[in-house]
Asker: 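My questions all concern the structure below.
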Amino acid sequence: MSFWEKAKKNKVLKNTLFFLAMLGPGVITGSVDNDAGGITTYSVAAATYGYPILWTLLPSFIVLLVVQEMNMRMGACTGKGLADLIRENFGVKVTFWIFLGLLVADIGNTATEFAGVAGSMNIFGISKYISVPVTAGAVWILVTKGNYKISERIFLMFSVALLSYIVSALAAKPDWHQVGLAFIHPQIQYDKDYLIMVLGIVGTTIAPWMQFYMQSAVIEKGTTMEDYKLALADVVIGCVATVAVAIFIMVACAATLHVNNITINEAKDAALALKPFAGALASAVFAFGLFVASIFSATILPLATAFYICEAFGFNAGIDKRVEEAPQFYTLFAAILIIACVIILIPNAPLIAITLWTQDINAMLLPVVLISMQLMVNNPEIMGEHVNNKFQNAVGWSTTVILITLTLLLMVLPAFDLFKAH
Amino acid sequence: MKLFLYFSQVIGLDIMDAQGQWIGRLHDIAMNPYADIYPKASDLIIRRGSSSKEYARVNWEDIVYIENNIRLKIMGDRLKFSKEIPRSDFTLRRDIFDQQVVDIDDQRVVRVNDIHLLRVENQLYAAHVDVGLRGIFRRLGWTGMVDLIVFLINSKSPYLTNEELIPWKATQVLPKLGRMKSVLKLEVAKNKLGSIPPAALADIIQGLDIFVRVSMFKSMESALQNKVFTDMTLTCKAELVEQLSEAESANLITNIPADEATDLLMKLPREKAHHLMGLLGSETNKKLRKLLGYAKDSAGGLMTTEYLYLKADATVADAFNKIRENINFPGTIFFFYIVDDDHKYLGTTSLRRFFNENPQTLLIDICYPENIHVYTDDSVEQVALLLERYKSSSIPVLNHQDILQGIITIDDVMEELISLVWHKYKEKL
């Protein structure tokens, strides 16, 4: 049973997902993709390097499109989730290590979401020792007992959150000529920090857990190969929307922070720094967007992770089950939520180190997931006549190889740094 | 020699030929599902090479022993290796290992972590499938370590002794690749679903991936299909109909109660519904058209046109005959509606009222004393009030000329009321 079918039985999720499902799996995945981690990376990059780094969103877009199209095709063709397919085709060992990685990375990701909650609430003058436990409690209540009206409002807030970046970007009065120029004539720097930043942007746009999420969403929608063209359109729209939001976030930061030589480390800094240049409204709206995106992903991420793990190993899972019926599922869900909160609440927790570690695990996991996907999408026993054609394979494998090279570089570069220092 | 082996322990074993030369590793075991109660191993599939893999098949009769390695009676050069995996109807690795199966006893879908093999005189039989945590740790090669840790924490932990094994006879293999729209594999693996109550089976099927759902459904006998289809949720019915051929769908719609068929047709895309209507028998078509014409929350929209009726001169004996003829009738067989030659409603009687009566007694004389009925345009609340007041479980529906149009049973009302109450509850929030 897919995550979605179980999620359907919970009222809040059912309704939230229903609204999202009208937009289609591609758009949903894109929306969840612009989470706290994404917003942080985009704003830090734009504050540091200004308009010229906007070009990185172009390759991000292509990679996102290629990977999501494959997920969509696999889901439509097999009717199975990525977790199921990996377990059925690569056995217990591979599945175990992938999901152990996914679990650790997603605890880190969830911690990042709570950092987003803490950061954005801080701007409104609320201490993280209040905002984080309250949010975690709200997430727990939302998942275990919810109702229609609340979920409807949550969804609306989420949409508004996405619009808020447009407001922030416009309030920043950007130089649109330069924005256009950044895409037409990309200016690439060849130093280490720049390269890490580029990797960070591409990496945050395609996190490994998204592939699992995307494929489940396709199955929930009941998409089959007959609907391929429509589904492809949805994937394209989703990718465009994701990248468009990213552009607005980066433009807002580039037009204000970079122009005034302000560098930042966190998304909340961006919201704070916007105030003198783009006004209190733009700042508050940016913080609000960050808060809602964080809380949304903090709900979906632990739930989805617990679900995929249980599904791959054949444990009972789903919020329609009682705790005694699905002990592994609830233990995982609660553990991810609690560990993530505790990490954020530890005074002077090494947040930046945690973020980097999470990025590294994501980076290590991504090639494994991508290679598994490439192998399965080319296996006629799984895909029948819908295996990759030559063009799809060329794009698919080069994407995989480029990403692996880039992520290897990301891991090797700090080592070089050490080497130089000695 | 151990009596039981796990598949995870034999898979990948080295294979030696008659002279002890290494020829490859065990890739898979093909089974003959028809052999005995348990499927019996019929062929070994050997794999060699790492980057470009090659496969060969060896007949089970050519095996000397299976221990820490597998020794063959024949020479390695007699094997024909090819890039394709040799075709077999049913193999352990491809069809069972790591796949989902139905546990017939507990009526749930489970994932197979390992396969428990019975060894009798060098023959292997699939005896159980392992769905427990121990199976996962065995696959990871951690059995010893995990056992030690658990033993140190709690030496009486049930984990140490509890094997979650499902006997083969209670295991239903699912079609692995439903997308291929072939049900062959399921037939090969024997269809054991008949022993699960249809309602539970409908639940199981609704939990499966759409393609598996379709193949599994297609593999059932048509009588079982009808029962299971009736018990599915509306959404699930609609999804299934989208995947089945139109002839198959039309056949299903004809065989489920008319009111449920109406709901289903309303749920489907207009064009599809229209097309299906054309394929239905004229009798069913007429019934459905009538129901489709009424407002959804009116008595007419709720009613079913499937009921048993008799003329005013019918006797108790006639009623019993009618029940015998209609033992598979999709509607209720406990109530009889008495009508005149113009189908004008005269009264209702029930099995309870005439069961102990003289066979010659006229049914019209033992009808319920109160003449309760509703009209097609009455609301669902009125229907519910009447059913409650007279403690009845069904009620006839008439048009304004008192011609009997259909009946409403209490389950239809419950369904409608629950959604009504739910809507009102939601509005209050």
Side-chain angles (χ1 to χ4, degrees), chain A residues 1-2 5-6 8-9 11 15 74-81 83-97 99-100 146-152 216 218-227 310-316 318 320 325 328 379-386, chain B residues 8 11-12 85 93-101 103 108-114 129-133 135-142 164 174 176-181 203-215 233 235-236 238-240 242-243 422-423 425-429:
Chain A
M1 190 178 279
S2 77
E5 273 170 357
K6 309 235 168 165
K8 262 182 180 173
K9 290 179 185 158
K11 276 145 221 141
N15 292 312
M74 282 166 77
C77 221
T78 61
K80 287 181 183 192
D84 289 300
L85 283 177
I86 288 179
R87 169 69 196 268
E88 286 173 13
N89 291 285
F90 300 109
V92 169
K93 273 190 191 147
V94 173
T95 314
F96 178 82
W97 292 111
F99 281 90
L100 184 68
N147 75 41
Y148 180 81
K149 281 278 150 136
I150 293 178
S151 50
E152 189 179 49
S216 297
V218 168
I219 295 160
E220 151 66 10
K221 195 89 198 287
T223 307
T224 57
M225 285 313 283
E226 287 140 46
D227 319 317
C310 288
E311 179 136 87
F313 291 102
F315 302 134
N316 259 337
D320 54 319
E325 288 176 312
Q328 294 92 346
N379 183 349
E381 287 239 355
I382 300 170
M383 300 294 291
E385 58 189 297
H386 302 295
Chain B
S8 63
I11 199 163
I85 300 177
R93 183 182 192 145
R94 188 192 62 195
D95 297 320
I96 312 284
F97 211 43
D98 285 324
Q99 310 300 317
Q100 288 184 310
V101 296
D103 172 358
R108 59 192 178 138
V109 178
V110 289
R111 198 173 279 289
V112 176
N113 294 327
D114 209 342
V129 296
D130 184 344
V131 298
L133 208 53
I136 291 179
F137 287 127
R138 191 181 316 111
R139 294 281 297 282
L140 289 168
W142 296 356
E164 280 182 67
L174 291 170
K176 186 186 175 192
L177 292 172
R179 176 187 49 75
M180 300 207 166
K181 295 194 173 161
D203 263 354
I204 292 178
I205 286 194
Q206 290 177 52
L208 294 171
D209 307 318
I210 177 74
F211 296 111
V212 178
R213 198 188 283 170
V214 173
S215 336
T233 63
T235 318
C236 189
E239 279 172 13
L240 195 60
E242 292 273 348
Q243 295 292 323
W422 176 235
H423 276 294
Y425 171 70
K426 264 197 308 199
E427 275 160 25
K428 262 191 219 156
L429 287 176

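Per chain, numbering begins at 1; letters A, B, ... match sequence-line order.
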Asker: What verdict does the side chain to side chain contact (heavy atoms under 4.5 Å, CB included) test give for A:F313 and B:L133, after you've listed the backbone C-alpha separation in whole Å, the side-chain angles of each residue and the deciding distance to 0.1 Å?
Answerer: CA-CA 9 Å; A:F313 291 102; B:L133 208 53; over 6 Å; no
Asker: Using the side chain to side chain donor-acceptor pair (under 3.5 Å) criterion, which residues pair with A:R87? Sequence neighbours excluded.
Answerer: B:D98, B:N113
Asker: Do A:E311 and B:R111 pass the salt bridge (charged side-chain N to carboxylate O under 4.0 Å, His left out) test, and can you show the C-alpha distance, the side-chain angles, and the key distance before you say yes or no?
Answerer: CA-CA 9 Å; A:E311 179 136 87; B:R111 198 173 279 289; over 6 Å; no
Asker: Please report the interatomic distance CH2(B:W142) to CZ(A:F96), rounded to the nearest 0.5 Å.
Answerer: 3.5 Å
Asker: Please report the interatomic distance CG(A:N89) to CD(B:Q99), rounded to the nearest 0.5 Å.
Answerer: 7.5 Å
Asker: Could I get the full list of side chain to side chain donor-acceptor pair (under 3.5 Å) partners for B:D103, not counting sequence neighbours?
Answerer: B:R108
